[in-house]
Amino acid sequence: MIKYRLIAFLAVLLQLHCPTLGQPYPNYHADFVGIGEHGGDLKWWQTAAFYQIYPRSFKDSNGDGVGDLNGIAEQLPYLKELGITATWLSPIFTSPMADFGYDIANFTEIAPIFGTMADFEHLMEVAKKLDIKIILDFVPNHSSDECEWFRRSAARDPEFKDFYVWHPGRMENGNRHPPSNWISVFRGSAWQWHEGRQEFYLHQFVKKQPDLNYRNPKVRETMSNVLRFWLSKGVSGFRIDAVPHVFEIAPDNQNQYRDEPRNDWDNDPEDYGYLQHIYTKDQPETIDLVYSWRAVLDAFQREHGGEDRILMAETYSPIDIVMQYYGNATTEGAQLPFNFLLISELSNSSNAHAYEGTVLKWLQHMPKGRTANWVLGNHDQPRVGSRLGKDRVDMLNMLTATLPGASVTYQGEELGMTNVWISWKDTVDPSACNTNPSIYEQYSRDPERTPFQWTDAQDAGFSNASKTWLPIAVDYKEVNVELERQKPLSHLNVFKQLWQLRKQSQTLQRGETEVKALSDAVLAVKRYLERDSTYLTLLNIYDGVETINLLQSFPDLPPQLKVVVVTERSQVKVGDLVNSTSLQLQAKDSLVLQTTSSYYSYATNGEARFLPVLGVYLWLAQVGLYLTNR
Ligand code: GLC
């Protein structure tokens, strides 16, 4: 009898230890909230669906062929329909448009081509009513050469004399040369001679974009005031432009700038890739500068209350540097340094292992307690469909909507808009215009900036001008909002379903994450949360039909799962039950599946997989033993 009691005792011990036995290994623990604590306070931006509007191309309300603020206000309900939380607008400020608004002549004034300050205020009201937050583009690295500050700096006005990076140049054999070999992102020397001041000024982008001098505290204060100005207009934060470029090395004690070393893979001396930008990019001071902007936002919040105002930082930098923008143990930084890995690390030929590696790279580098984000595209990058495959649009939207954290969608990606070929004659992007007809296509960003496709009417419903600022895509009769609203499984409707699901599901908002390539073709993302449903997103990246046994990779899944989101490639329907041991995915198919019973929801939460089943048996065994021994 003693023997049986001992067995029963050991069994109870085993039962108590089941939580550890059953623990799967999440490769991302969403520790910004207590796991299992439903209702913990998630901040609005931590699970937000962000949407980037490129104002010139969104909606033209006055028929001049260029989009404007009233057009945005008019179409804001569309963003609501998509399930968008916040929208960031590319620059809307007074500008000669040498870089389409990224060359700002007045940082606190609205460009007439976009409207007036009253139009902006109207837009803010509409946004407030719809509960959509407005994020503005903050362009700190440079102004326009038509900015008052630059004019006064060039004229050596004492207040502005050192607002920009000026240098008399290097004298060699009586000839004047630029101060260093630095190259502009948009080709050629980054130094421009200024006749009036008789000095060179630095411009890391086009020559109409002189770099501000951040070693001058007055510049820092002036730019912080720009933030304060727009905060007081009610915006919810800023996307910070071209962050890694803001500081360059200080001149040495001879007042000389050092040359940058060469990259041997690039033989075009005019091209930005020709040099390693060790003195003009990613200088350590930049991180602290971003922290100081966060302090401006936080101070405003302390004074005025309300929901968090946020910073999103544009940093195409090595991952260890990008992560520092989040902040450190003592200082807060940008809530969301943009995660561009899905852009920079994946191509049309990437397999599921590459997808897995790319997603995990961000999650595993991210400091504890921070929030992930996923950017699929923007106005500087080829469209998602053109970059990663037209037939992968839905699966990529599915991936970003079911990964933890925030996601950022560039206008038109929800429709599957693709790059539009633009002739050299029609090309307007300075990055391409600075090249020549034989290479411009490599540099042009015009193809991803064409007008938004609303309907199949004239100008795709974007405008009623006889000519729009960039041509309309030829496919606008098949790819547009009006048509896609009617097709149940259009890209648009899949996108909407994904964000509806995301909003309803605590698991998708705050659950744990496991990302796994099940083969070269299939990527799986599992999301789970105690006492809630488990979700599984499956992408078949390749063209073959794939049959998978999910239990091989996720042994704690139940034998059947319910289909919750499908695409037009899928052969199953929403509501169908599929077998975990033999699940078929069509070519380039993707699905979101959900566990159905609370038992499995609980059992797969990663903490007590065996507990319910084993626990009951052991309890019965104990009662049996007790009764036989009485
Ligand atoms: C950023 C913008 C880009 C612009 C550049 C210069 O990278 O996204 O469009 O040309 O900065 O402001």
Side-chain angles (χ1 to χ4, degrees), residues 50 52-58 67 87-105 107 111 135-147 150 164-165 182-188 190 192 202-212 214 223 226 238-248 272-273 277 280-282 286 290 311-317 322 325 334 336-340 343-344 375-383 408-411 419 427-435 440 442-450 469-470:
F50 288 94
Q52 180 194 352
I53 289 184
Y54 192 68
R56 294 183 69 85
S57 290
F58 194 57
T87 175
W88 75 268
L89 313 179
S90 280
I92 51 174
F93 319 107
T94 308
S95 160
M97 300 286 164
D99 189 17
F100 298 106
Y102 283 95
D103 49 321
I104 301 174
F107 286 79
I135 309 279
L136 292 184
D137 211 319
F138 175 56
V139 185
N141 180 66
H142 44 264
S143 72
S144 160
D145 64 343
E146 296 181 30
C147 179
F150 186 73
Y164 295 84
V165 184
W182 298 351
I183 295 176
S184 147
V185 177
F186 294 154
R187 280 184 89 73
Q192 174 67 27
L202 178 70
H203 61 91
Q204 295 201 57
F205 294 89
V206 286
K207 63 179 184 221
K208 282 186 71 63
Q209 291 169 300
D211 271 44
L212 286 155
Y214 276 85
M223 294 310 277
V226 170
F238 303 90
R239 172 262 186 188
I240 321 173
D241 182 72
V243 173
H245 300 272
V246 173
F247 270 97
E248 35 290 319
Y272 190 60
H277 303 287
T280 51
K281 262 190 91 183
D282 295 324
T286 317
V290 171
L311 292 177
M312 308 167 94
E314 186 206 24
T315 56
Y316 292 94
S317 301
V322 176
Y325 286 102
L336 302 171
F338 279 143
N339 171 2
F340 291 134
I343 295 175
S344 58
V375 184
L376 271 178
N378 61 40
H379 66 295
D380 295 328
Q381 301 296 338
R383 290 245 176 223
V408 190
T409 303
Y410 174 52
Q411 67 179 44
N419 274 14
T427 292
V428 289
D429 177 13
S431 163
C433 294
N434 279 351
T435 67
Y440 80 98
Q442 269 166 262
Y443 296 87
S444 183
R445 298 166 299 173
D446 291 336
E448 61 263 21
R449 296 178 175 180
T450 60
W469 79 283
L470 276 175

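Numbers here are sequence positions counted from 1. No hydrogens, no waters, no symmetry mates; every other heavy atom, side chains included, goes into these values. When a ligand or atom number is given, it counts from 1 through the structure's own listing order.
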At what distance is the nearest protein heavy atom to [atom], and which residue and atom is it?
| atom | answer |
| --- | --- |
| atom 7 (O) of ligand 1 | E314 OE2, 3.0 Å |
| atom 4 (C) of ligand 1 | D99 OD2, 3.3 Å |
| atom 8 (O) of ligand 1 | D380 OD2, 2.4 Å |
| atom 5 (C) of ligand 1 | F205 CE2, 3.8 Å |

Inset, instruction - Give a yes-or-no answer on whether the side chains of S143 and Y164 include a donor-acceptor pair shorter than 3.5 Å. - result: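 Result is yes, a qualifying pair exists.
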Legend entry - Exercise: do S444 and D429 side chains pair donor with acceptor under 3.5 Å: no
Inset, instruction - Measure centre to centre between the rings of H203 and F186, then say whether the value is under 6.0 Å. - result: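 Ring-ring flag for H203/F186: false, centres at least 6.0 Å apart.
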Inset, instruction - Say whether, by atom type as modelled, one donor and one acceptor occur between the side chain of S184 and the main chain of F205 under 3.5 angstrom. - result: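 Checked: pair present.
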Legend entry - Whether D211 side chain and Q204 backbone form a donor-acceptor pair below 3.5 Å: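 Judged by distance alone, yes, a pair lies under 3.5 Å.
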Legend entry - Contact partition for Y316 relative to ligand 1, non-hydrogen atoms under 4.0 Å: neither
Inset, instruction - Answer with side chain, backbone, both or neither: which part of Q381 has a heavy atom less than 4.0 angstrom from an atom of ligand 1? - result: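 Looking at Q381 and ligand 1, no heavy atom falls under 4.0 Å.
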Identify, by atom number and element, the atoms of ligand 1 in contact range of [X], meaning under 4.0 Å from any of its heavy atoms.
| X | result |
| --- | --- |
| H142 | 6 (C), 12 (O) |
| R449 | 9 (O) |
| D241 | 1 (C), 2 (C), 6 (C), 7 (O), 8 (O), 11 (O), 12 (O) |
| R445 | 3 (C), 4 (C), 9 (O), 10 (O) |

Legend entry - Beyond-backbone contact of Y102 with D137, side-chain heavy atoms, under 4.5 angstrom: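 Of all side-chain heavy-atom pairs linking D137 with Y102, at least one is under 4.5 Å.
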Legend entry - Any side-chain heavy-atom pair of R449 and V428 under 4.5 Å: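 No, their side chains stay 4.5 Å or more apart.
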Legend entry - contact_flag H245 ligand 1 heavy-atom lt 4.0 Å: no
Inset, instruction - Report yes or no: does R239 have a heavy atom closer than 4.0 Å to ligand 1? - result: yes
Inset, instruction - Might you confirm whether atom NZ of K207 has over 12 heavy atoms from other residues, nucleotides or ligands at distances under 6.0 Å? - result: no
